[in-house]
Enquirer: 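The structure under discussion is supplied below as structure tokens; questions concerning it will follow.
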Amino acid sequence: MSLYATWQQVAQSQQTREAYNAFWSTYFEAEKQNYKKILANHETVFSGKLADLAAQFDMDPVTFTGFLDGANTSFADGEKDLDSLTEESEITLQFDFDRLYINMHNAKADWLYNLPEWDLVRSEEQRRELTKQYRAEKIFVAPPTVGRNDPCPCGSGKKYKKCCGK
């Protein structure tokens, strides 16, 4: 079984609500520590064998694969094929920090996008602009509707009520 399949099985196997909450609470704290390390060393490109990187981030390989799953859409070099990862897989963690910040907003992970280490990576003004961009992407704008007395959009020159609106 691949590391990713094992991660999915572990993440979904929590039987009780208490076990589920305890599992995710522990995971989110470890994730927070990983991002603190990544943001504090934002100019560093972490690379190596998956097992070595997992040890560097104080995680076991399966949990680290879960971390990669959460960060997968934020890598500068594209998404990783998580199903094919083994402990011996060579990987590089090079983040697109703008995309990472927006993805943290998208996940509603305020414990991550409010980390003080972001001050080292992006200024307050840059983060405000990224937040504004994120919010603008979420606003639904309805397409304009055709009124009865407007020209018909089919191009006939007639009023909509006399043409396609019949």
Side-chain angles (χ1 to χ4, degrees), residues 1-42 44-124 126-142:
M1 184 182 301
S2 74
L3 291 172
Y4 184 58
T6 304
W7 164 253
Q8 289 178 317
Q9 184 179 21
V10 168
Q12 296 171 358
S13 69
Q14 308 307 316
Q15 297 296 323
T16 65
R17 186 51 128 182
E18 293 79 23
Y20 177 87
N21 289 339
F23 173 81
W24 286 109
S25 177
T26 302
Y27 171 77
F28 289 146
E29 185 56 37
E31 179 185 47
K32 182 178 177 181
Q33 296 309 315
N34 284 1
Y35 281 120
K36 281 184 171 188
K37 185 177 206 171
I38 289 166
L39 294 172
N41 301 296
H42 64 278
T44 303
V45 175
F46 297 94
S47 63
K49 291 183 180 179
L50 186 140
D52 296 338
L53 285 174
Q56 189 176 349
F57 284 96
D58 298 323
M59 290 182 145
D60 62 271
V62 171
T63 306
F64 190 70
T65 303
F67 171 74
L68 293 176
D69 182 27
N72 206 14
T73 58
S74 302
F75 294 119
D77 58 349
E79 293 186 22
K80 315 245 181 268
D81 180 13
L82 299 175
D83 289 320
S84 67
L85 292 179
T86 66
E87 291 187 28
E88 298 300 312
S89 296
E90 290 286 332
I91 59 172
T92 302
L93 305 182
Q94 186 173 7
F95 287 92
D96 176 341
F97 288 103
D98 291 347
R99 194 173 332 148
L100 177 63
Y101 189 77
I102 289 173
N103 287 342
M104 287 176 174
H105 270 283
N106 202 30
K108 296 178 181 27
D110 61 330
W111 64 93
L112 297 177
Y113 64 77
N114 286 326
L115 288 171
E117 286 78 5
W118 274 108
D119 292 338
L120 304 170
V121 181
R122 298 288 182 264
S123 69
E124 180 68 33
Q126 289 171 321
R127 290 187 313 232
R128 202 174 299 120
E129 283 300 314
L130 288 170
T131 302
K132 185 189 276 187
Q133 176 186 342
Y134 161 75
R135 289 182 180 146
E137 291 172 0
K138 299 298 175 194
I139 296 173
F140 174 75
V141 179

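The figures that follow rest on heavy atoms only: side chains count, while hydrogens, waters and symmetry mates do not.
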Enquirer: Minimum heavy-atom separation for Ser2 and Asp83, please, with both atom names.
Expert: CB-O, 3.4 Å
Enquirer: Could you pull out the closest heavy-atom pair between Ser89 and Ser84, with the gap in Å?
Expert: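 Looks like OG-O, 3.9 Å.
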Enquirer: Decide yes or no on side chain to side chain contact (heavy atoms under 4.5 Å, CB included) for Arg122 and Asp98, but give the supporting numbers first.
Expert: CA-CA 9 Å; Arg122 298 288 182 264; Asp98 291 347; 2.6 Å; yes
Enquirer: Is the ring centre of Tyr20 less than 6.0 Å from the ring centre of Phe23?
Expert: no
Enquirer: Would Gln33 and Glu29 count as a side chain to side chain donor-acceptor pair (under 3.5 Å) if you check the C-alpha gap in whole Å, the side-chain angles of each, and the deciding distance to 0.1 Å?
Expert: CA-CA 6 Å; Gln33 296 309 315; Glu29 185 56 37; 2.8 Å; yes
Enquirer: Donor-acceptor pair, Asn106 side chain versus Ile102 backbone, under 3.5 Å?
Expert: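 Answer holds: no.
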Enquirer: Nearest 0.5 angstrom please: Leu50 CG to Met59 CE, how far?
Expert: 11.0 Å
Enquirer: Just one of Trp24, Tyr27, Phe28 clears the ring-ring contact (aromatic ring centres under 6.0 Å, His included) bar with Trp111, so which one?
Expert: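 That would be Phe28.
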Enquirer: Out of Asp52, Thr63, Asn34, which residue meets the side-chain contact (heavy atoms from CB on, under 4.5 Å) rule with Phe57?
Expert: Asn34
Enquirer: Measure the acute angle between the ring planes of Phe75 and Phe95, then classify it against the limits of 30° and 60° as parallel, tilted or perpendicular.
Expert: tilted
Enquirer: To the closest 0.5 Å, what do you measure between CE (Met104) and CG (Asp110)?
Expert: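 Here the rounded value is 11.5 Å.
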Enquirer: Between the side chain of Lys80 and the main-chain N/O of Leu93, is any donor-acceptor distance below 3.5 Å?
Expert: no
Enquirer: Is the number of heavy atoms from other residues, nucleotides or ligands within 6.0 Å of CD (Gln15) greater than 12?
Expert: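 Open.
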Enquirer: When you measure from the side chain of Asp96 to the backbone N and O of Arg99, does any donor-acceptor pair fall under 3.5 Å?
Expert: yes
Enquirer: How far does OG1 of Thr131 sit from CZ of Arg127, to the nearest 0.5 angstrom?
Expert: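 One gets 8.5 Å once the value is rounded to the nearest 0.5 Å.
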Enquirer: On a heavy-atom basis, which atom in Glu87 and which in Leu3 lie closest, and how many Å separate them?
Expert: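 That would be N-CD1, 3.7 Å.
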Enquirer: Hey, could you give me the CG/CG distance between Leu100 and Leu112, rounded to the nearest 0.5 Å?
Expert: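 With rounding to 0.5 Å, CG (Leu100) is 8.0 Å from CG (Leu112).
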Enquirer: Roughly how far apart are Gln56 CD and Lys37 NZ, rounded to 0.5 Å?
Expert: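 Going from the CD atom of Gln56 to the NZ atom of Lys37 covers 5.0 Å.
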Enquirer: Is there a donor-acceptor pair closer than 3.5 Å between any side-chain N or O of Thr92 and the backbone N or O of Gln94?
Expert: no
Enquirer: So Tyr35 and Glu31, side chain to side chain donor-acceptor pair (under 3.5 Å) or not? Walk me through it.
Expert: CA-CA 6 Å; Tyr35 281 120; Glu31 179 185 47; 4.6 Å; no
Enquirer: Can you measure from CG (Asp81) to CG (Leu68) and round to the nearest 0.5 angstrom?
Expert: 12.0 Å
Enquirer: Are any of the side-chain heavy atoms of Tyr4 and Leu85 separated by less than 4.5 Å?
Expert: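 The answer is no; the side chains never approach within 4.5 Å.
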Enquirer: Can you tell me if Lys32 uses its side chain to pair, donor with acceptor, with the backbone of Leu115 under 3.5 Å?
Expert: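 Looks like no, no N/O pair under 3.5 Å.
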